[in-house]
Amino acid sequence: MKQTMTLIAYDLRSQLRERGTLILMLAGLLLAAFALCEGTRFDRQGRQAAASAIAQEVQARADATALAQRYFANPAAEEFADLKWYRTAVDVRGYAFREHVGFAAKPAMAGAGLAIGQADLLPSYVRVRAESMESVRTALEIAHPALLAAGRFDLLFFIIYLWPLILLALTTSVLTQDRETLRLRTLQLQGVRPGRMLAAQITARTLAATALLCAMCAAGALALGTVNCNVAGIAVLAAWCGVVLLYSLFWACVAMAICATCGNRMSAAFAGFGAWLVLAVLMPGAMQAVTQWRAPVPQRESYVQAMRDAGDQVAANKLASLGRFYDSHPEWRPATPLDKVASSVSRLQRAQELERAMVGVEGQFAQARQRREDLLAQWQVFSPMTLAYQTLVGMAGNDSARHQRFLGEVQQHQQRLRDYFQRTIQLSALGDERAPCAATCLGGYGFRDFGQVPVFAPSAALSLTSPWRMQLVALLAWMAGLMALAALLLSRPWAIGRH
C-alpha cells in the first residue's frame with residue numbers, strides 16, 4: 001500500500017510539472033465556468049419570464065375588477081360609449097374567450113441551472129384558455145431553429161461531452177508511457193503490479209481533476225446564485241458532485257481498458273477518441289434510430305386532417321350535439337329554439353364536442369409517444385452517456401417526465417376553468433333571456449366575480465424531481481464490466497512487455 005501511494009504521489013507531482021496538463025485543465029475549467037454562466041443566465045431568464053407572466057395575470061385581474069366597478073356604477077359613462085361585449089372583461093363572453101389572462105407556471109427546482117436539458121423546448125409556463133388546450137400544446141420557447149437543433153452550451157453539455165475528452169487526455173498515458181520507455185519491467189522487478197499501478201494512477205488523476213472541477217463549479221454556482229445557499233441548494237450541489245464523480249470514474253474505467261490494450265500513447269490516444277465517438281455519438285444515435293423505427297409517431301399532417309374532419313363533423317351535427325348537451329343539463333335549457341342559441345353561448349360546448357371527436361386520434365398520438373418513451377427508458381442502459389444525461393437532467397427537474405406531470409395538472413386546471421365559464425355563460429344566457437338588456441348588465445351577461453375564476457395552483461408533487469438514482473446502478477454495472485475487461489487484458493502473458 002505504501003508503495004502504491006508513493007507511485008501515486010510521484011505521478012501527480014509529475015503531472016503538475018507538465019505544461020500541457022496545466023493548460024488542458026485550465027481550458028477545461030474556463031469552459032466549465034462559461035457553461036455554468038450560460039446555464040445560470042438561461043434559468044434566471046426562465047424564472048423571470050414565469051414571474052412576469054404571473055404578475056401579468058394578477059394585474060389583468062385587478063384591471064378587470066376596477067373596470068367592472070366603474071362600468072356597473074355608471075354604464076352610460078363616456079368611456080363606455082364604444083364598448084363591444086366581445087372585447088371587454090365586464091361581459092362574461094368577452095372575458096372567457098378574449099380578455100381572460102391565465103397562466104400556469106411550473107415550479108422551479110433548486111438545481112435547474114446546473115442542467116438545462118429540455119427546458120429550452122419544454123416551456124416553464126403556458127397560457128391557459130378555457131376553450132381548449134391548443135395554447136398549451138403549441139407553446140414553445142421562441143428561439144432560432146438552428147439554436148434549438150444544436151442545443152445550448154451549458155454545464156450539462158460540458159460534463160457529458162467535453163469532460164470525458166479531457167479525462168481521456170489526462171489518463172491514456174498511464175502504463176503506455178512506461179511501456180514505451182521500458183520502465184514497466186523495472187517497476188515490475190521492484191514488486192509493482194501493473195494492474196494495481198494502472199488502477200491507482202488513473203483513479204488518482206481522475207479524482208484529482210474531478211475534485212478540482214466540482215470545487216470550482218460548486219463555488220461558482222453559489223457565487224452566481226445558480227443554487228441558493230441553503231439546505232436544499234447544498235444538497236443539490238452534493239448530489240450533482242456525486243453523479244459527476246461517478247461519471248468521471250466510468251471514464252476512468254474506459255481509460256483502464258484502453259491502457260491495458262494499447263502498447264503506446266499514440267494508439268491509446270486514437271483508441272480514446274474512438275471510444276468517445278462510439279459512446280457519445282454512435283450508441284445514442286443508434287438507440288434513437290431504433291426507437292423511431294420500433295415506435296414511429298404518426299405524421300403531423302394526419303393530425304391536422306383529422307382536426308379538420310372533426311370540425312366539419314361537429315358543424316354538421318351542431319343541433320344534435322347541442323340537444324344532447326341540454327338533455328344532460330336540463331337546468332340550462334333555454335326557452336328559445338336550439339337553432340336560435342347564440343354561437344357565443346354554445347362555443348364551449350362545441351369545443352367539448354370537438355375534443356370528443358378527436359379522442360381516437362389523440363389516443364393514437366399519445367400511445368405512440370408513450371411507447372417511444374418506454375423504449376428509450378428500457379434501452380438507455382445500453383448507453384452510459386444517456387444514463388448520465390438523464391440522471392443530471394432528472395436532478396435538475398428539466399426532464400420530460402416532470403413536464404408531462406405538469407401538463408397533466410394544467411389540463412385538469414383547464415377543465416375546471418372551462419366548467420366554471422360554461423356554467424356562468426349558461427346561467428347568464430338564461431338571465432338575459434328572462435330580462436333582455438341592450439347593453440351588458442348584471443342581470444344578463446354582466447360579470448364582475450373575477451376572484452371566483454379558478455387559478456392554477458401546482459401540487460406538491462411538482463416540487464419533486466423524477467426518480468433518478470436507479471439509473472446509476474446501470475452505470476456501476478458498466479464500470480464493473482470495463483474493469484473486468486482491463487484485468488483480463490492485463491492477465492495476458494504478452495500484455496506487460498508490449499511496446
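Considering only heavy atoms from C-beta on, I234 stays 4.5 Å or farther from V227 through its side chain. Considering only heavy atoms from C-beta on, L249 comes within 4.5 Å of M479 through its side chain. The side-chain heavy atoms of R333 and L338, taken from C-beta on, include a pair separated by under 4.5 Å. Side-chain contact check for W251 versus M385: some heavy-atom pair is nearer than 4.5 Å. Taking 4.5 Å as the limit, every side-chain heavy atom of E362 sits out of range of all side-chain heavy atoms of E355.
Checked against H100 for a ring pair (Phe, Tyr, Trp, His ring centres under 6.0 Å), the options Y420, F447, Y95 give a single hit: Y95. Here the rule is side-chain contact (heavy atoms from CB on, under 4.5 Å) with L114, and of L392, L36, D43, L156 only L36 fits it.
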(request) Could you walk me through whether Q59 and D63 pass side chain to side chain donor-acceptor pair (under 3.5 Å), step by step? (result) CA-CA 6 Å; Q59 185 62 45; D63 293 343; 2.8 Å; yes
(request) Please test D309 against Q305 for side chain to side chain donor-acceptor pair (under 3.5 Å), starting from the C-alpha separation and ending with a verdict. (result) CA-CA 6 Å; D309 294 341; Q305 186 60 45; 3.1 Å; yes
(request) Could you go through the side-chain contact (heavy atoms from CB on, under 4.5 Å) check for Q426 and Y326 one step at a time? (result) CA-CA 10 Å; Q426 294 297 329; Y326 283 118; 2.8 Å; yes
(request) Decide side-chain contact (heavy atoms from CB on, under 4.5 Å) for F158 and F34; before the verdict, give the C-alpha distance in whole Å, the side-chain angles of both, and the deciding distance to 0.1 Å. (result) CA-CA 10 Å; F158 172 81; F34 176 71; over 6 Å; no
(request) Would you please test D374 and Q370 for side chain to side chain donor-acceptor pair (under 3.5 Å) and show each step? (result) CA-CA 6 Å; D374 293 341; Q370 187 60 46; 2.9 Å; yes
(message) Applying side chain to side chain donor-acceptor pair (under 3.5 Å) to W163 and S248, what does each step give before you reach the verdict?
(response) CA-CA 8 Å; W163 182 239; S248 299; 2.9 Å; yes
(request) Could you please spell out the steps behind the side-chain contact (heavy atoms from CB on, under 4.5 Å) verdict for V90 and L83? (result) CA-CA 10 Å; V90 299; L83 187 72; 4.1 Å; yes
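One finds a salt bridge joining R356 and E353 here, because a Lys/Arg side-chain nitrogen approaches an Asp/Glu carboxylate oxygen to under 4.0 Å. The pair R308-D312 does not count as a salt bridge, with every side-chain nitrogen at least 4.0 angstrom from each carboxylate oxygen.
Legend: residues meeting side-chain contact (heavy atoms from CB on, under 4.5 Å) with P75, ordered by chain and number and at least two apart, are Y71.
For the residue pair E131 and A351, the shortest heavy atom distance occurs at O-CB, 3.3 Å.
A donor-acceptor contact closer than 3.5 angstrom links the side chains of S466 and R405.
Geometrically, R61 does not engage F450 in a cation-pi contact defined by less than 6.0 Å to the ring centre and at most 45° from the axis.
Between F273 and W276, the ring planes are parallel. Angles under 30° get that label, and only those over 60° would be called perpendicular.
A distance of 5.0 Å separates CD of Q352 from CD of Q422, quoted to the nearest 0.5 Å.
Side chain of R93 to backbone of Y86: no donor-acceptor contact under 3.5 angstrom is found.
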